[in-house]
K.L.:
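Please find one structure pasted underneath; my questions will follow.
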Amino acid sequence: MESKVSEGGLNVTLTIRLLMHGKEVGSIIGKKGETVKKMREESGARINISEGNCPERIVTITGPTDAIFKAFAMIAYKFEEDIINSMSNSTATSKPPVTLRLVVPASQCGSLIGKGGSKIKEIRESTGAQVQVAGDMLPNSTERAVTISGTPDAIIQCVKQICVVMLEVQSVTVGSPPKGATIPYRPKPASTPVIFAGGQAYTIQGQYAIPHPDQLTKLHQLAMQQTPFPPLGQTTPAFPGEKLPLHSSEEAQNLMGQSPGLDASPPASTHELTIPNDLIGCIIGRQGTKINEIRQMSGAQIKIANATEGSSERQITITGTPANISLAQYLINARLTSEVTGMGAL
């Protein structure tokens with residue numbers, strides 16, 4: 001929340017951010033954007049909704065305090081209307097409360113909770129709303145979710161009290177050293193399955209494979225350029241720590257083969273690697289998850305020999321086209337390098 005206080009401190013402009021699911025956002029936007037347009041006009045607040053194909057969206061409300069409270073009231077009553085409509089089609093007898101989620105900088109959550117939870121208890125008792133501050137920060141941010149639930153009137157009173165606390169925090173901290181910049185929470189798009197076929201990454205959408213020109217394709221191209229591979233420790237993975245969204249599916253397996261009508265694929269060949277016993281675990285992963293990812297991404301067959309007595313190494317046999325083998329090698333090398341770097345051995 002940001003505040004801009006003019007002389008006399010009367011005209012206070014606030015910015016409040018809400019976290020909403022797609023269905024909730026759809027309700028706020030309305031048909032052809034009519035609902036959000038009406039909310040903007042009647043409240044006088046600026047209401048912006050984050051772009052993106054994400055399961056969650058950020059709704060930012062900015063304006064003078066009066067305008068913000070009006071906008072909140074309209075949102076709370078709209079959600080209650082949605083609950084009543086959904087109940088008419090169900091057998092439920094008790095009406096669930098309206099729930100809103102605010103996104104608040106973690107540095108301001110202490111004041112909201114108060115000493116020994118005194119402030120948050122006071123807000124709960126005086127408004128009748130349930131208020132919960134998440135213990136963990138939202139992913140890749142320094143913000144926390146504050147969940148408010150209750151009747152629309154209780155929620156409006158609760159938001160007013162939270163705004164007062166935030167403004168008090170800001171007036172106290174003006175002129176004092178900042179506690180570090182707030183990193184705002186940005187919802188990530190829903191991860192879709194990504195697979196490789198013929199040097200191209202694809203995402204599966206329904207029954208179709210759609211070309212997916214992102215980092216995974218670059219990873220594949222990089223792998224093509226890195227044959228033969230340098231010794232362990234002399235290469236850096238293209239995207240250290242990057243989690244690749246991988247899911248096995250029949251479509252993925254089908255796409256690994258050449259489509260009918262294309263030129264015949266290059267003949268399969270075999271490549272062997274030896275890996276120290278103490279590093280084999282990072283390649284196999286828990287219950288074989290990592291090795292299965294590498295198999296699926298590369299399209300290669302990968303066999304890991306059983307440990308032999310007295311040997312400190314395990315043999316890995318990779319079978320497939322030169323491109324399959326190259327990518328499998330690259331991914332194994334990347335796993336090893338990140339593991340060794342994580343152990344501080346380099």
Side-chain angles (χ1 to χ4, degrees), residues 191-276 279-285 288-305 313-341:
S191 63
T192 51
V194 177
I195 55 153
F196 277 109
Q200 168 69 50
Y202 293 86
T203 53
I204 298 295
Q205 295 181 9
Q207 297 179 339
Y208 301 96
I210 313 296
H212 186 67
D214 78 348
Q215 288 181 322
L216 297 172
T217 307
K218 292 175 198 164
L219 176 68
H220 194 288
Q221 289 165 350
L222 197 74
M224 297 300 103
Q225 297 161 8
Q226 290 220 353
T227 312
F229 277 88
L232 174 63
Q234 293 183 16
T235 181
T236 306
F239 312 106
E242 185 80 17
K243 284 186 181 171
L244 304 177
L246 292 167
H247 305 269
S248 62
S249 64
E250 282 181 31
E251 291 112 321
Q253 298 305 322
N254 293 341
L255 272 163
M256 288 306 170
Q258 290 285 350
S259 304
L262 293 178
D263 293 338
S265 56
S269 54
T270 300
H271 186 85
E272 292 182 346
L273 296 170
T274 51
I275 304 291
L279 288 176
I280 202 77
C282 79
I283 291 168
I284 296 172
T289 50
K290 294 297 173 192
I291 193 69
N292 284 338
E293 283 183 7
I294 294 171
R295 282 180 182 128
Q296 188 193 326
M297 283 187 68
S298 65
Q301 289 182 324
I302 304 171
K303 288 180 182 171
I304 299 174
E313 293 182 324
R314 299 271 285 277
Q315 193 157 15
I316 296 180
T317 306
I318 307 169
T319 307
T321 65
N324 295 148
I325 291 172
S326 176
L327 183 57
Q329 272 186 285
Y330 180 80
L331 293 167
I332 289 169
N333 215 43
R335 286 290 309 152
L336 288 171
T337 308
S338 61
E339 178 74 7
V340 171
T341 306

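FYI, the numbering just counts along the sequence from 1.
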K.L.:
Between Asn292 and Thr289, is any side-chain donor less than 3.5 angstrom from a side-chain acceptor?
P.N.:
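No donor-acceptor contact under 3.5 Å links the two side chains.
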K.L.:
From Leu331 CG over to Ser298 OG, what is the distance, rounded to the nearest 0.5 angstrom?
P.N.:
6.5 Å
K.L.:
Does Tyr330 offer a backbone N or O that forms a donor-acceptor pair with the side chain of Asn333 under 3.5 Å?
P.N.:
no
K.L.:
How would you list, by chain and number, every residue that makes a side chain to side chain donor-acceptor pair (under 3.5 Å) with Glu272, sequence neighbours excluded?
P.N.:
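Listed in chain order: Gln315.
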K.L.:
Could you walk me through whether Ile318 and Lys303 pass side-chain contact (heavy atoms from CB on, under 4.5 Å), step by step?
P.N.:
CA-CA 7 Å; Ile318 307 169; Lys303 288 180 182 171; over 6 Å; no
K.L.:
Do Thr274 and Ile316 come close enough that some side-chain heavy atom pair is under 4.5 Å?
P.N.:
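A side-chain contact is absent here, since even the closest heavy-atom pair is not under 4.5 Å.
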K.L.:
Take Gln329 and Leu273, measure what side-chain contact (heavy atoms from CB on, under 4.5 Å) needs, and give me the verdict at the end.
P.N.:
CA-CA 9 Å; Gln329 272 186 285; Leu273 296 170; 4.1 Å; yes
K.L.:
Identify, with sequence neighbours excluded, every residue that meets side-chain contact (heavy atoms from CB on, under 4.5 Å) alongside Thr319.
P.N.:
Thr270, Gln301, Thr317
K.L.:
List the steps, then state whether side-chain contact (heavy atoms from CB on, under 4.5 Å) holds for Ile302 with Ile283.
P.N.:
CA-CA 11 Å; Ile302 304 171; Ile283 291 168; over 6 Å; no
K.L.:
Would you say that Glu313 contacts Ile275 through its side chain, given a criterion of any heavy-atom pair below 4.5 Å between the two side chains?
P.N.:
no
K.L.:
To check you understand the geometry: which heavy-atom pair defines the closest contact between Ala300 and Ala328, and what is its length?
P.N.:
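Residues Ala300 and Ala328, closest heavy atoms: CB-CB, 4.2 Å.
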